[in-house]
Q: 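To start, I am sharing the structure in question, which I have written as structure tokens.
We use all heavy atoms of the structure for the numbers below, so side chains are in, but hydrogens, waters and symmetry mates are not.
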Amino acid sequence: MDVSMTMWVLTVAGLCALIAVDFFIGGRKPHEVSIKEAGIWTIVWVVLAVLFGFGLLIWGDGQASGEFFAGYITEKSLSVDNLFVFVLIMAKFAVPSIYQQRVLMIGVLIALVMRAVFIAVGAAAINSFAWVFFIFGAFLIWTAWKFIQEARADEEEEEWEEGRLVKLIQRRVPSTDQWHGTKMIVRENGKRLVTPMLIVMLAIGITDVLFAVDSIPAIFGLTQDPYIVFTANAFALMGLRQLYFLIVGLLKKLVHLSYGLSVILGFIGVKLVLHGIHETTSLHVPEISIPVSLGVICGVLVITTITSLAASKKAAAEKTAQAGTDASEPAEKADTQG
């Protein structure tokens, strides 16, 4: 898809305007986000993404629109996995509920800027070196295997540990462990101190950038158009804050999400390898079309959600039954003694 510099500028300006509206309407005043508010904003961002995708169909072509939707759904599903870590970070820093939306908003903006850099580097590498497809493909297949291993480990008491950069900031930069509203820097006794607000924002942003190491190669497996890669990432990330509050209680029920994501990443990895063979050799190998990719991604996510909810419901029923059995044993023992 041939995108002019004017279109790039208008797109970035439009996204910035949407972010500004989101901030001034829903995020300017610190407050606890209700399910209703989170649901409305989540629907708004999804509708905007769908309208943008159909806009590509009208002003671009069917392939561009299909690539956007495949990329958007993939990035959105991978972003849901990020939310597990966001929950751990919020708990680690004991972020007050009224400040969580501000933390997520700034953290996601940091991630969006950094991802734009990743996308530019990735696009340049793909345009210059066709063998990069093999590296991206192998990396995604390895990541898929890592997801399966993590899912099988079933670490119930998982904790988030600060990365080296966050620890370095905490050690080297004068800071306070007291919250001062949404202020990131305060002055106490003539000294400038960094507040937990800034530290946790950096933690969210850095963590999301690390997740981009997986997701950026994944979307390049669906499209090599930098414009589509960037916009799909932008729309997937910008609704992440509201999605966090909407499904934070549902996250623990998505017990098979890692398996579903591993299938998606493995599938895209194979797609990249096949495309690399097609680009660098004369061998005739099958090319996986965008409609097939979109169908596989959506199908896997639907199946994963259904099986996850069924497994969670079964586990809850077994836990309830076990609790009833444990409660009845002392009574039976007392009757026997009597």
Side-chain angles (χ1 to χ4, degrees), residues 32-43 45-46 49 72-95 97 100-101 104 108 140 143-161 204 207-208 210-211 214-215 218 236-237 239-268 294-329:
E32 293 188 24
V33 179
S34 66
I35 296 297
K36 180 180 179 180
E37 179 184 347
I40 291 173
W41 275 104
T42 298
I43 292 172
W45 283 115
V46 170
Y72 172 73
I73 294 172
T74 299
E75 292 297 314
K76 201 69 174 179
S77 59
L78 289 171
S79 295
V80 171
D81 194 53
N82 296 15
L83 297 183
F84 284 99
V85 181
F86 289 176
V87 171
L88 298 176
I89 293 175
M90 295 292 189
K92 179 76 174 181
F93 287 95
V95 181
S97 57
Q100 288 183 5
Q101 63 162 342
L104 288 169
V108 167
L140 289 179
T143 303
W145 173 247
K146 184 180 69 173
F147 268 52
I148 293 176
Q149 295 295 92
E150 291 175 355
R152 294 176 64 183
D154 192 24
E155 299 177 357
E156 297 182 359
E157 300 299 326
E158 184 180 6
E159 293 185 1
W160 180 82
E161 291 294 334
I204 292 288
T207 300
D208 196 89
L210 294 178
F211 275 102
D214 296 337
S215 64
L237 281 178
L240 195 58
R241 174 171 64 92
Q242 292 84 2
L243 191 62
Y244 171 89
F245 295 104
L246 184 64
I247 69 172
V248 65
L250 182 63
L251 288 175
K252 293 182 179 179
K253 296 183 179 181
L254 298 177
V255 294
H256 296 159
L257 180 62
S258 291
Y259 291 107
L261 293 178
S262 68
V263 172
I264 291 173
L265 291 178
F267 169 77
I268 297 175
L294 190 56
V296 170
I297 293 167
C298 293
V300 169
L301 290 176
V302 169
I303 293 172
T304 298
T305 301
I306 293 173
T307 59
S308 292
L309 295 178
S312 297
K313 184 177 181 180
K314 181 180 179 182
E318 291 176 350
K319 186 176 181 180
T320 302
Q322 183 63 39
T325 302
D326 293 341
S328 64
E329 286 180 355

Q: Side chain of Q100, backbone of V95: donor and acceptor closer than 3.5 Å?
A: yes
Q: Using side chain to side chain contact (heavy atoms under 4.5 Å, CB included) as the criterion, list what pairs up with A315, not counting sequence neighbours.
A: none
Q: Using side chain to side chain donor-acceptor pair (under 3.5 Å) as the criterion, list what pairs up with Q242, not counting sequence neighbours.
A: D22
Q: How close do A236 and Y72 get, counting heavy atoms only, and between which atoms?
A: N-CE1, 3.7 Å
Q: At their closest point, which heavy atom of L78 faces which heavy atom of A218, and how far apart are they?
A: CD1-CB, 4.3 Å
Q: Using side chain to side chain contact (heavy atoms under 4.5 Å, CB included) as the criterion, list what pairs up with S308, not counting sequence neighbours.
A: L254, V255, H256, T304
Q: Report, one line per pair, each donor and acceptor closer than 3.5 Å where one atom sits in a side chain of residues 261-268; sequence neighbours left out.
A:
| residue | atom | partner | partner atom | Å |
| --- | --- | --- | --- | --- |
| S262 | OG | S258 | O | 3.4 |
| S262 | OG | Y259 | O | 2.5 |

Q: Roughly how far, to the nearest 0.5 Å, is CE of M90 from CD1 of I204?
A: 4.5 Å
Q: How long is the gap from CG on L243 to CG on L237, to the nearest 0.5 Å?
A: 11.5 Å
Q: Any heavy-atom pair between the side chains of F245 and L104 that's under 4.5 Å?
A: yes
Q: Who are the side chain to side chain contact (heavy atoms under 4.5 Å, CB included) partners of K314, not counting sequence neighbours?
A: E318
